[in-house]
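Below is one structure, written out as structure tokens; the observations come after it.
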Amino acid sequence: MTLRQYAAIWLASIRYTLVRTMMFRGDFLVWSLVELMWTSVNVMMILVIYQHTTSIAGWSEYQMLLLVGTAMLIQRLLMGFFWSSIFEMGRNVRTGDFDFVLAQPGNPLFMASTRKIDPDGLVNSVVTLGIVAYAAHHLGLHPGGVELALYGCLILSGLAVHYSILILTMSLAFWLRNAQGIEGSYFTLAEFGRLPREAFRGVTRILFVWLLPVVVVSNVPARTLLAGLRPGWVAWAAAMAVLWLSLAVFTFNRGLRRYASASS
Amino acid sequence: MHAALNKYRCAFLLGLQSNVVYRWNFAIRSCFSFFQLAVVFVLWRAAYQSSPTMGGFGFAQTLTYFVTLIIVQFFIGAFNEDYQINEEIRNGLINQFLLKPINYFLYRFSIFTAARVVSGLVVLVPLAVAMPFLGHYLVLPHGAWRLALGFPAMAMGGLIQFTVAYCFGMLTFWFLEIQGFIILSMALESVLGGQMFPLDLLPAGAYRVIQYLPFYYQSYFPAAIFTGRISGWEALRHLPIQAAWALALFGLASLLWRRGLLRHTAVGG
């Protein structure tokens, strides 16, 4: 299949999901509220902590809001574009319904991760973008077109890393008899992305900044808005995206070999 | 009486067996909970660098609070009981309980208790591994009264958590898809139940209001007793409120069960 055909399939899935969302408008509203609530929870935590302190690892309140907004923007984009499909993948592997994906004439990972989108997640990515803009306004930042384009590219590389981590997590379903609830592990890892890199020291710095890239992928775009371009950091973020995406594809394919199917 | 208890004992033992099968799931989840503790450690240590105390508590006390909260959650938290009930109602598996002399609430509660025994014991493994790193940060206050009040508060907190999950499961009689409600409630619980920050860091007025909500009594209340965030007098004053919430939620669960069954259609032989 060509890239054009893959794009056509994804667009068809998006169209189908939007029609379905319009059929279940109440559901859409509840889920939008859920996402909004989680965004508010994270912002509230920052506000409460800053009532008792003036800085977290040298980051002021609005700088932290900018970082948290950026981390949540990446996560909301993941929720919007891939979450439902990948979450169902774990369940389908357990029940045997994954056969349906394998029977389709396309790359199984692509087919499994693009079956549907979550418009509520995408709506909330606009909310998180609003948080970033609000924090930037309070910090007196006026990024130019180049900085904004770079910020967008870094958000996309962050999305690739988060996608990879979620695929790695859900691929455990191929090895575990019951992977229910395992998706919570991804959310735990994603929480590190809301912390400033400077807060990590010693072992935690090695583990969470250099080995697991969730801190880098949110800190680099936030830092780019705050202090301008740092080529070394941008190169590191891009390299992480390529490396983790490769690891996710490799693990998914290894897991696929263990899939026993449910067909008689 | 003995026969009645015996069937729930059997349900408990069955629950124990089926949850031991999924011990690796609990083990992975508990390991990730300690990753969550790493987030807490990094964030609060950095925050305490600019301010040695927050709300009258130092970094060690706040870290002790979060460690205690995680352990308490693994012993009394409702993990996926709401989803299990949801699936039993949706798939019609609940029909078998309608024909047998068994109370569905007590049956589910027996399974929940068994699951918490397993998850509670499993969480002690990563805790033991983390102890060499965490040990010197932990400061638990002395006083046997904290255990005497904390354990009943923990038991009632477990009952509240289970009953809330049971009520959400009951919503399946009205709505096919309840996941949205559950995750909405999880977001509320994470703030109002003290999972994001100790509730006493909130402005005094907001803290007072939260003390009258059920979320406060789920796991924050026992964890706060164990870690010295509330006084003995305050704990004694709030135990009856916690009991009242447990009773009220039990009443709500019974009502939802009775009303839900009126809407339920059992199909098939």
Side-chain angles (χ1 to χ4, degrees), chain A residues 24 26-42 44-59 64 120 169 172 175-182 184-196 198-201 203-205 207-208 212 215, chain B residues 18-19 21-22 24-26 28-29 31-57 62 79-80 83-84 87 133 175-192 195-199 201-203 206:
Chain A
F24 301 101
D27 217 32
F28 168 68
L29 279 175
V30 169
W31 279 105
S32 299
L33 203 63
V34 167
E35 297 268 351
L36 188 64
M37 195 63 127
W38 278 112
T39 305
S40 312
V41 163
N42 284 291
M44 195 174 162
M45 184 175 76
I46 297 301
L47 299 181
V48 168
I49 294 177
Y50 275 96
Q51 281 198 334
H52 299 271
T53 189
T54 50
S55 134
I56 296 177
W59 289 58
M64 268 302 277
D120 42 272
T169 309
L172 286 175
W175 282 272
L176 294 174
R177 285 179 67 186
N178 181 359
Q180 264 182 313
I182 208 77
S185 321
Y186 159 73
F187 289 104
T188 306
L189 276 181
E191 280 182 37
F192 286 98
R194 293 173 205 141
L195 304 178
E198 293 78 0
F200 292 85
R201 293 199 307 237
V203 180
T204 57
R205 191 181 184 89
L207 188 60
F208 298 111
L212 295 167
V215 175
Chain B
S18 64
N19 279 289
V21 170
Y22 299 132
W24 288 109
N25 272 61
F26 287 127
I28 290 173
R29 281 177 78 149
C31 286
F32 272 98
S33 286
F34 279 82
F35 270 92
Q36 212 162 8
L37 195 62
V39 177
V40 166
F41 182 85
V42 171
L43 174 68
W44 290 89
R45 184 183 59 184
Y48 269 102
Q49 270 174 353
S50 319
S51 169
T53 62
M54 290 193 200
F57 297 98
T62 298
F79 283 18
N80 59 356
Y83 288 114
Q84 288 172 3
E87 286 207 359
F133 307 100
F175 308 93
L176 272 179
E177 193 53 71
I178 58 159
Q179 206 185 5
F181 296 113
I182 293 171
I183 298 182
L184 197 62
S185 142
M186 274 168 64
L188 274 175
E189 280 172 27
S190 69
V191 177
L192 304 177
Q195 289 167 25
M196 304 298 285
F197 47 82
L199 294 175
L201 293 187
L202 281 166

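Note that this is a predicted model, so its numbers are computed, not measured. Here is how names work: the chains are called A, B, and so on, in the same order as the sequence lines, proteins then strands, and each is numbered from 1.
- Atom CH2 of B/W44 sits about 8.0 Å away from atom CD1 of A/I56, to the nearest 0.5 Å.
- A/T53 and B/A47 get closest at one heavy-atom pair: OG1-O, 3.0 Å.
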>> For A/N42 and B/M196: C-alpha separation, side-chain torsions, deciding distance, then whether side-chain contact (heavy atoms from CB on, under 4.5 Å) applies.
In response: CA-CA 8 Å; A/N42 284 291; B/M196 304 298 285; 3.9 Å; yes
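- Both the backbone and the side chain of A/E191 come within contact range of chain B, judged by heavy atoms closer than 4.5 Å.
- Annotation: the span from A/W31 atom CH2 to B/I183 atom CD1 amounts to 3.5 Å, rounded to 0.5 Å.
- Residue B/V191 touches chain A through its side chain alone, counting heavy-atom pairs closer than 4.5 Å.
- In terms of non-hydrogen atom pairs under 4.5 Å with chain B, the most contact-rich of A/W59, A/F187, A/W38 is A/W38.
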>> Could you walk me through whether A/F208 and B/V42 satisfy the side-chain contact (heavy atoms from CB on, under 4.5 Å) test, starting with their C-alpha distance in whole Å, then the side-chain angles of each, then the deciding distance to 0.1 Å, before giving a yes or no?
In response: CA-CA 10 Å; A/F208 298 111; B/V42 171; 5.6 Å; no
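- Contact check for A/I49 versus B/L43: side-chain heavy atoms found under the 4.5 Å cut-off.
- Only the side chain of A/L189 comes within less than 4.5 Å of a heavy atom in chain B; its backbone stays farther off.
- Contact of B/Q36 with chain A is made through backbone and side chain together, with heavy-atom distances under 4.5 Å.
- Contact annotation for A/R201: both backbone and side-chain heavy atoms come within less than 4.5 Å of a heavy atom of chain B.
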> Between B/F181 and A/V34, does a side-chain contact (heavy atoms from CB on, under 4.5 Å) hold up when you go through it step by step?
Replying inline: CA-CA 8 Å; B/F181 296 113; A/V34 167; over 6 Å; no
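- When heavy atoms are compared at a cutoff of 4.5 Å, A/T188 approaches chain B by way of both its backbone and its side chain.
- Among B/S50, B/S190, B/S185, B/A38, the residue making the largest number of heavy-atom pairs under 4.5 Å with chain A is B/S50.
- Among the candidates A/Q51, A/M45, A/R194, the residue making the largest number of heavy-atom pairs closer than 4.5 Å to chain B is A/M45.
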>> Applying side-chain contact (heavy atoms from CB on, under 4.5 Å) to B/Q179 and A/D27, what does each step give before you reach the verdict?
In response: CA-CA 10 Å; B/Q179 206 185 5; A/D27 217 32; over 6 Å; no
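- Shown here for B/G55 and A/H52, the closest heavy-atom pair between the two residues is N-ND1, 3.8 Å.
- Looking only at side-chain heavy atoms (C-beta outward), B/M54 and A/V48 stay at 4.5 Å or farther from each other.
- If you measure heavy-atom distances from A/L195 to chain B, the contacts under 4.5 Å come from the side chain alone.
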